[in-house]
Amino acid sequence: MPRPFSFAQPYDKLNAMKLLTLILCFLMLSSPAFAQDMAEEQDSFTFTMDDGIMTQEEMEKEAQYAFRLCDTNIYQRAYFDCQCVAGAYLLEREKAGPMKLQSAIFDDIMRKGTARCANTEQIAGDSYTSCMAHVNTYRELSPDKEGYCTCVANKTANDFTKYPRLDIGYIENIRLNSMVWCDNPQNRPQKAASKTR
């Protein structure tokens with residue numbers, strides 16, 4: 001039979017880990033930041049607790065909460081327009097009613113591509129910056145770095161916008177496919193011929 005942990009006992013890794021876990025849980029649960037985060041959490045249950053129904057005003061408050069969730073998540077904010085996400089969230093909540101879980105609505109919007117809320121400009125800008133860093137290191141002698149990266153940025157942003165899904169593997173495949181496609185100079189936008197007189 002295992003002995004209970006005591007400071008008088010010799011060092012026991014398992015008991016020490018249990019004690020450390022208990023202390024960390026206590027500290028986390030008693031911290032004001034944790035309590036504030038928990039107090040701010042709002043789901044459909046929060047809005048139906050008082051009277052069993054979810055009014056239009058309560059749905060709009062929940063959509064504002066959905067905006068904050070998106071806007072404070074760096075990954076979501078980089079790929080999705082959080083205002084659009086909040087609007088799509090509100091539409092889905094109105095359609096589905098209060099029983100559909102928040103996570104299911106977010107999953108529909110961000111992982112199943114039901115809402116067209118891609119942050120196209122941000123994706124293009126980030127793709128261009130990433131591409132330029134890549135070509136300056138790995139394609140140092142390439143004559144048309146800017147044209148190549150412009151093509152990669154536009155193709156990545158446009159392909160993601162057609163079917164936006166927040167999935168690392170999916171996004172990486174789009175980026176890699178764009179790099180391969182733009183490797184052919186004929187797929188790149190043509191520069192306007194300069195007029196000489």
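The model shown is predicted, which means the values in this text are computed figures rather than measured ones.
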Student: Report the residues that fulfil side-chain contact (heavy atoms from CB on, under 4.5 Å) with Glu57, sequence neighbours left out, ordered by chain and then residue number.
Tutor: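 Partners of Glu57 under the side-chain contact (heavy atoms from CB on, under 4.5 Å) test: Thr55, Lys61.
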Student: Walk me through whether Glu62 and Ile105 qualify under side chain to side chain contact (heavy atoms under 4.5 Å, CB included).
Tutor: CA-CA 12 Å; Glu62 188 184 27; Ile105 295 175; 5.8 Å; no
Student: With sequence neighbours excluded, what pairs up with Thr161 under the side chain to side chain donor-acceptor pair (under 3.5 Å) test?
Tutor: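 Applying side chain to side chain donor-acceptor pair (under 3.5 Å) to Thr161 gives Thr120.
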Student: Any sub-3.5 Å donor-acceptor pair from Tyr89's side-chain atoms to Cys84's backbone N or O?
Tutor: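 Pair absent, no side-chain N/O of Tyr89 close to backbone of Cys84.
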Student: Quick check: closest heavy atoms across Ala63 and Ala86, and the distance to 0.1 Å?
Tutor: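 Scanning both residues completely, I find the closest heavy atoms to be O-CB, 3.5 Å.
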Student: What's in the same ILVMFWY side-chain cluster as Leu141, cut-off under 4.5 Å, chained through other members?
Tutor: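 Taking Ile, Leu, Val, Met, Phe, Trp and Tyr as members, Leu141 stands alone, with no cluster partners.
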Student: Less than 4.5 Å apart, side chain to side chain, heavy atoms only: is that true for Phe106 and Val85?
Tutor: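 In short, these two side chains touch, coming nearer than 4.5 Å.
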Student: Parallel, tilted or perpendicular for Phe160 and Phe80, by the 30°/60° rule?
Tutor: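 The rings of Phe160 and Phe80 stand perpendicular, inter-plane angle above 60°.
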Student: Name all residues meeting the side-chain contact (heavy atoms from CB on, under 4.5 Å) criterion together with Tyr75; count only those two or more places apart in sequence or in a different chain, and write none if there are none.
Tutor: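 For Tyr75, the residues satisfying side-chain contact (heavy atoms from CB on, under 4.5 Å) (neighbours in sequence not counted) are Asn73, Tyr79, Leu166, Ile168, Ile171.
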Student: For Ala124 and Ala153, which heavy atoms make the closest approach, and how far apart are they?
Tutor: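 Result for this residue pair: O-CB, 3.2 Å.
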Student: Taking side chain to side chain donor-acceptor pair (under 3.5 Å) as the test, write out the residues that go with Asp108, two or more places apart.
Tutor: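 Side chain to side chain donor-acceptor pair (under 3.5 Å) list for Asp108, sorted by chain: Lys100.
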Student: Apart from Tyr148 itself, what residues make up its hydrophobic cluster when side-chain heavy atoms of I, L, V, M, F, W and Y under 4.5 Å apart count as a link, directly or indirectly?
Tutor: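 Tyr128, Met132, Val135, Val152, Leu176, Met179, which link up through side-chain heavy atoms under 4.5 Å apart, make up the rest of the cluster.
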Student: Please assess Met110 against Gln76 for the test side chain to side chain contact (heavy atoms under 4.5 Å, CB included), listing each intermediate value before the final yes or no.
Tutor: CA-CA 8 Å; Met110 299 206 176; Gln76 291 175 1; 3.6 Å; yes
Student: Do Arg188 and Thr150 make a side-chain contact, defined as non-hydrogen atoms from C-beta onward lying under 4.5 Å apart?
Tutor: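 When only atoms from C-beta onward are counted, Thr150 and Arg188 do not touch, as no gap falls below 4.5 Å.
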Student: Mind checking what makes side chain to side chain donor-acceptor pair (under 3.5 Å) contact with Asp159, not counting sequence neighbours?
Tutor: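 Partners of Asp159 by the side chain to side chain donor-acceptor pair (under 3.5 Å) criterion, ordered by chain and then number, come out as Lys155.
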Student: Quick check: does any side chain N or O of Asp81 sit under 3.5 Å from a backbone N or O of Asn119, one acting as donor and the other as acceptor?
Tutor: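 Such a contact is absent between Asp81 side chain and Asn119 backbone.
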Student: On a heavy-atom basis, which atom in Gln56 and which in Leu90 lie closest, and how many Å separate them?
Tutor: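 Smallest interatomic distance, heavy atoms only, reads NE2-CD1, 4.1 Å.
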Student: Can you list the residues that meet the side-chain contact (heavy atoms from CB on, under 4.5 Å) rule with Cys82, with sequence neighbours excluded?
Tutor: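 Cys82 satisfies side-chain contact (heavy atoms from CB on, under 4.5 Å) with Phe67, Cys70, Asp71, Arg77 once adjacent residues are dropped.
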Student: Determine the minimum heavy-atom distance between Ile174 and Thr156, stating which atoms define it.
Tutor: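 Scanning both residues, the minimum pair turns out to be CG2-O, 3.7 Å.
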Student: Give the intermediate values and the outcome of side chain to side chain contact (heavy atoms under 4.5 Å, CB included) for residues Glu94 and Met59.
Tutor: CA-CA 7 Å; Glu94 289 171 344; Met59 288 183 205; 3.6 Å; yes
Student: Under a 4.5 Å cut-off applied to non-hydrogen side-chain atoms, are His134 and Thr129 in contact?
Tutor: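 When only atoms from C-beta onward are counted, Thr129 and His134 do not touch, as no gap falls below 4.5 Å.
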Student: Report the residues that fulfil side-chain contact (heavy atoms from CB on, under 4.5 Å) with Arg111, sequence neighbours left out, ordered by chain and then residue number.
Tutor: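 With sequence neighbours excluded, Arg111 shows a side-chain contact (heavy atoms from CB on, under 4.5 Å) to Asp107, given in chain and number order.
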Student: Nearest 0.5 Å please: distance from the SG atom of Cys149 over to the CG atom of Asn154.
Tutor: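 Going from SG on Cys149 over to CG on Asn154, the span is 11.0 Å.
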Student: Would you list the pairs meeting salt bridge (charged side-chain N to carboxylate O under 4.0 Å, His left out) in which at least one residue belongs to residues 123-139, sequence neighbours left out?
Tutor: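 Qualifying pairs, neighbours excluded: Arg139-Asp183.
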Student: Is it the case that the side chains of Tyr65 and Gln102 hold a donor-acceptor pair, with the cut-off being a distance below 3.5 Å and no angle test?
Tutor: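 Checked: Gln102/Tyr65 side chains show no N/O donor-acceptor pair below 3.5 Å.
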Student: Among all residues two or more places apart in sequence or in another chain, which pass the side chain to side chain donor-acceptor pair (under 3.5 Å) test with Glu172?
Tutor: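 Only Arg175 meet the side chain to side chain donor-acceptor pair (under 3.5 Å) criterion with Glu172.
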